[in-house]
Q: 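One structure coming up, written as structure tokens, with questions to follow.
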Amino acid sequence: MNPVKKETFKEKMAQYKNAPFSFVLMVLVMLCAAITAVTLIFIVIYILVKGVPHLTPSLFSPKYNTENVSMLPAIINTFIMTFISLLIAVPLGIFSAVYLVEYAKRGNKIVGIIRMTTETLQGIPSIVYGLFGYLFFVSTLKLRYTILSGALTLSIMILPLVMRTTEEALKSVPDSYREGSFGLGAGKLRTVFKIVIPSAIPGILSGVILATGRIAGETAALIFTAGTGTEIAWKFWKNSGRTLAVHMYNLSSEGLYVDQCYATAVVLLVMVALINGLSGLVAKKLSKG
């Protein structure tokens, strides 16, 4: 077979002579993409330049005090908070989306209400979730300022995101996959868990990645629920603890540790990048398998 001939730049420009509006749109799209890329690169370089010189061993001390303002307890608390929040929200979000896409009747009014509710919850400011978490988990349920209160609040906050991304991922699976499975004698449950969900794994993981990023960068909801404890909250059901984002907020608000705040931002940036990269690799391997 003859290889497909690629269009040259001149040939592409010649196509726009009779369609000037399309040319304008192409230029605008390319300009927006360039601005976005430059802005992202600028932010990353700025954080690295301001923060890397101030990364010292004392910032990774096991104990926090006013001299070293160690971020190590906050790093561990961030992982604990992320794990508990995802452990609660991901199964609920995935199973809810499976019901909406695979089991609920199309045109069902209740399904429409659920979808409208999840879209509304996605747009609510995080401080509202924080106030709800404080009133319900901290005060009413008497969980106090603990990692558990913060994780429960964050799980409610990211649940709509996981639901919507999972729902869209399930919808993207062709109906021919389901029909083929039914034709081979598989039941509904086996088709969903053996065919549909594995095919939608990359899209589901993208939602989990977004949820992880939101957890790692959240401050307002956690100040009202998890508190600002400086120790490692191994007993997450009874100990208060700050995440990296809350740690950064406290350092910057005090105005005495601005350099250490930038160093913390570098670590948070690297953490999020590693989590996204690992999740992307897992998604690729699962999609190939």
Side-chain angles (χ1 to χ4, degrees), residues 43-89 126 130 133 138 143-155 157-158 208-279 281-282:
I43 292 173
V44 172
I45 293 176
Y46 181 80
I47 292 174
L48 293 176
V49 170
K50 297 283 286 186
V52 170
H54 303 288
L55 285 172
T56 58
S58 62
L59 287 176
F60 299 93
S61 300
K63 294 287 185 179
Y64 172 96
N65 56 54
T66 55
E67 294 181 359
N68 60 30
V69 290
S70 173
M71 71 174 82
L72 184 61
I75 294 174
I76 297 175
N77 289 338
T78 301
F79 281 111
I80 296 173
M81 183 76 71
T82 302
F83 176 76
I84 298 173
S85 301
L86 293 179
L87 187 65
I88 298 170
S126 59
V138 178
L143 295 179
R144 299 178 299 172
Y145 288 105
T146 59
I147 291 289
L148 181 60
S149 297
L152 290 171
T153 304
L154 289 183
S155 64
M157 188 173 70
I158 65 174
V208 175
I209 292 171
L210 292 173
T212 303
R214 189 166 185 185
I215 293 171
E218 187 53 50
T219 54
L222 294 179
I223 291 173
F224 286 99
T225 54
T228 58
T230 57
E231 300 295 327
I232 301 174
W234 295 117
K235 296 181 180 180
F236 59 86
W237 61 91
K238 63 185 297 184
N239 291 341
S240 170
R242 61 173 67 173
T243 60
L244 266 180
V246 176
H247 181 69
M248 285 176 54
Y249 170 78
N250 287 333
L251 293 182
S252 62
S253 62
E254 291 173 5
L256 301 175
Y257 309 102
V258 178
D259 294 336
Q260 291 83 348
C261 183
Y262 280 114
T264 306
V266 172
V267 175
L268 182 59
L269 182 66
V270 172
M271 280 180 55
V272 174
L274 288 176
I275 292 172
N276 290 351
L278 291 174
S279 301
L281 289 175
V282 172

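Just the heavy atoms: all of them, side chains too, but no hydrogens, waters or symmetry mates, feed the values below. Predicted model only: the values in this text are computed from it and were never measured.
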Q: Take N77 and I232 through the side chain to side chain contact (heavy atoms under 4.5 Å, CB included) test and state the conclusion after the steps.
A: CA-CA 6 Å; N77 289 338; I232 301 174; 4.1 Å; yes
Q: To the nearest 0.5 Å, what is the distance between CD on Q260 and CG on L55?
A: 10.5 Å
Q: Output every pair passing salt bridge (Lys or Arg N to Asp or Glu O under 4.0 Å) with a member in residues 52-78, not counting sequence neighbours, ordered by first then second residue.
A: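 As it turns out, the salt bridge (Lys or Arg N to Asp or Glu O under 4.0 Å) pairs with a partner in residues 52-78, which skip direct neighbours, are K63-E231.
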Q: Considering only residues two or more places apart or on different chains, which pairs with a residue in residues 242-252 satisfy side chain to side chain donor-acceptor pair (under 3.5 Å)?
A: R242-H247
Q: State, to 0.1 Å, how close P73 and S61 come at their nearest heavy-atom pair, and which atoms those are.
A: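 Of all heavy-atom pairs spanning P73 and S61, the closest is CD-O, 4.0 Å.
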Q: Rounded to the nearest 0.5 Å, what's the gap from SG on C261 to CG on L251? Could you check?
A: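 With rounding to 0.5 Å, SG (C261) is 6.0 Å from CG (L251).
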Q: Does any non-hydrogen side-chain atom of T66 lie less than 4.5 Å from one of Y257?
A: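 When only atoms from C-beta onward are counted, T66 and Y257 do touch, with a gap below 4.5 Å.
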Q: So, for A216 and V272, which heavy atoms are closest and what is the spacing to 0.1 Å?
A: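 Reported closest heavy-atom pair: CB-CG2, 4.1 Å.
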Q: Roughly how far, to the nearest 0.5 Å, is OG1 of T212 from CD1 of I275?
A: 6.0 Å
Q: Between G241 and I147, which heavy-atom pair has the shortest distance, and what is it?
A: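 It is O-CD1, 3.8 Å.
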Q: Nearest 0.5 Å please: distance from the CG atom of L269 over to the CG atom of L274.
A: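 Interatomic distance, L269 CG to L274 CG, rounded to 0.5 Å: 9.5 Å.
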Q: Before you tell me yes or no, could you show the steps for L86 and I215 under side chain to side chain contact (heavy atoms under 4.5 Å, CB included), namely the whole-Å CA-CA distance, both residues' side-chain angles and the distance that decides it to 0.1 Å?
A: CA-CA 9 Å; L86 293 179; I215 293 171; 4.0 Å; yes
Q: Locate the shortest heavy-atom distance separating F60 from S70; write the atom from each residue and the value.
A: C-OG, 3.8 Å
Q: Check V266, T264, V258 against Y262 for a side-chain contact (heavy atoms from CB on, under 4.5 Å) and give me the one that passes.
A: V258
Q: Hey, does F79 have a side-chain heavy atom less than 4.5 Å from the side chain of M271?
A: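 They are in side-chain contact.
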Q: Flag the pair Y64 / L72 as yes when at least one side-chain heavy-atom distance between them is below 4.5 Å, and no otherwise.
A: no
Q: Quick check for you: to the nearest 0.5 Å, what is the distance between R214 atom CZ and M157 atom CE?
A: 4.5 Å
Q: Could you tell me whether the side chain of N68 and the main chain of L59 form a donor-acceptor pair under 3.5 Å?
A: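 No, the answer is negative, given that no donor and acceptor are paired below the 3.5 Å cut-off.
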Q: When you look at T146 and F236, which way does the side chain to side chain contact (heavy atoms under 4.5 Å, CB included) test go after all the steps?
A: CA-CA 6 Å; T146 59; F236 59 86; over 6 Å; no
Q: Does atom CZ (F83) have a neighbourhood of more than 12 heavy atoms from anything else shown, all under 6.0 Å?
A: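 Open.
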Q: Please report the interatomic distance CG(L143) to OG(S149), rounded to the nearest 0.5 Å.
A: 4.5 Å
Q: If we ignore hydrogens and angles and just use 3.5 Å, is the side chain of S85 paired with the main-chain N or O of T82 as donor and acceptor?
A: no
Q: Applying side chain to side chain donor-acceptor pair (under 3.5 Å) as the test, list every pair that has at least one member in residues 218-227; sequence neighbours left out.
A: S126-E218
Q: Spell out, as yes or no, whether a donor-acceptor pair under 3.5 Å connects the side chain of S240 to the backbone of G229.
A: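 It does hold such a pair.
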Q: Going through the distances and angles, do W234 and I76 end up as a side chain to side chain contact (heavy atoms under 4.5 Å, CB included)?
A: CA-CA 9 Å; W234 295 117; I76 297 175; 3.8 Å; yes
